[in-house]
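One structure below.
Since the structure is predicted, the reported quantities are computational estimates derived from the model, not experimental observations.
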Amino acid sequence: MSNKELVKKFYDDIFIKGDLSNLNSVMKENYIQHNPDCEDGRKGFVKFINHFLSLKPTFDIINISADSNMVYVFFLNVL
């Protein structure tokens, strides 16, 4: 699976479907978060995403682009 495919699957599974069942296979425990509203680490992300999903957001991926090993996701999120 390419980095782009992996990131798309992550966004589809987590943000759109709310399915965290495969999170351990795609996120390390010591994950560094760049969102100031989310704590570092997998546990911090789970805490954040559970709250986020409880708000019943709409989440649409507009574009996913890749350049070498960097993947950029542009999305529209409405709470």
Handout entry: Heavy-atom closest pair, residues Ser54 and His51
Key = OG-O, 2.6 Å

Practice task
Taking all non-hydrogen atoms of both residues into account, name the closest pair between Gly18 and Leu53 and its distance.
Solution key: CA-CD1, 3.6 Å

Exercise for the section: Please check if Ile14 and Leu55 belong to a single hydrophobic cluster, counting links between Ile, Leu, Val, Met, Phe, Trp and Tyr side chain heavy atoms closer than 4.5 Å. Expected result: yes

Problem - Main-chain N/O of Thr58 paired to Asn77 side chain as donor or acceptor, under 3.5 Å - result: yes

Exercise for the section: Find out if a path of hydrophobic residues (ILVMFWY) with successive side-chain heavy-atom gaps under 4.5 Å connects Tyr72 to Ile16. Expected result: no

Practice task
Name the orientation class of the two ring planes belonging to Phe48 and Phe52 (parallel below 30°, tilted from 30 to 60°, perpendicular beyond 60°).
Solution key: parallel

Problem - Exercise: do Asn63 and Ser65 side chains pair donor with acceptor under 3.5 Å - result: yes

Fill in the blank from the handout: Nearest heavy-atom contact between Arg42 and Tyr31 is N-CB, 4.4 Å

Problem - Joint cluster assignment, Leu79 & Ile49, ILVMFWY side-chain distance < 4.5 Å - result: yes

Handout entry: Hydrophobic cluster identity match, Met1 and Ile64, side-chain contacts under 4.5 Å
Key = yes

Exercise for the section: Provide the closest heavy-atom pair for Val73 versus Tyr11 in the form atom of the first, atom of the second, distance. Expected result: CG2-CE1, 3.8 Å

Handout entry: Distance-minimising heavy-atom pair for Val71 and Lys4
Key = CG2-N, 3.8 Å

Exercise for the section: Determine the interplanar angle of the Phe15 and Phe10 rings, folded into 0 to 90°, and report it as parallel if under 30°, tilted if 30 to 60°, perpendicular if over 60°. Expected result: perpendicular

Completion exercise
In short, Gly44 meets Cys38 closest at the heavy-atom pair O-SG, 3.7 Å

Exercise for the section: First locate atom OG of Ser68, then atom CG of Asn3, and finally report the distance between them rounded to the nearest 0.5 Å. Expected result: 8.5 Å

Handout entry: Spacing of Asp19 atom CG and Lys9 atom NZ [to the nearest 0.5 Å]
Key = 7.5 Å

Exercise for the section: May I ask whether Val26 and Phe45 are part of the same hydrophobic cluster, defined by side-chain heavy atoms of I, L, V, M, F, W, Y residues being less than 4.5 angstrom apart, directly or through others? Expected result: yes

Exercise for the section: Measure from the side-chain N and O atoms of Asp40 to the backbone N and O of Gln33, and report whether any donor-acceptor pair falls under 3.5 Å. Expected result: yes

Problem - Neighbour count above 12 (heavy atom, 6.0 Å) for Ile32 CD1 - result: no

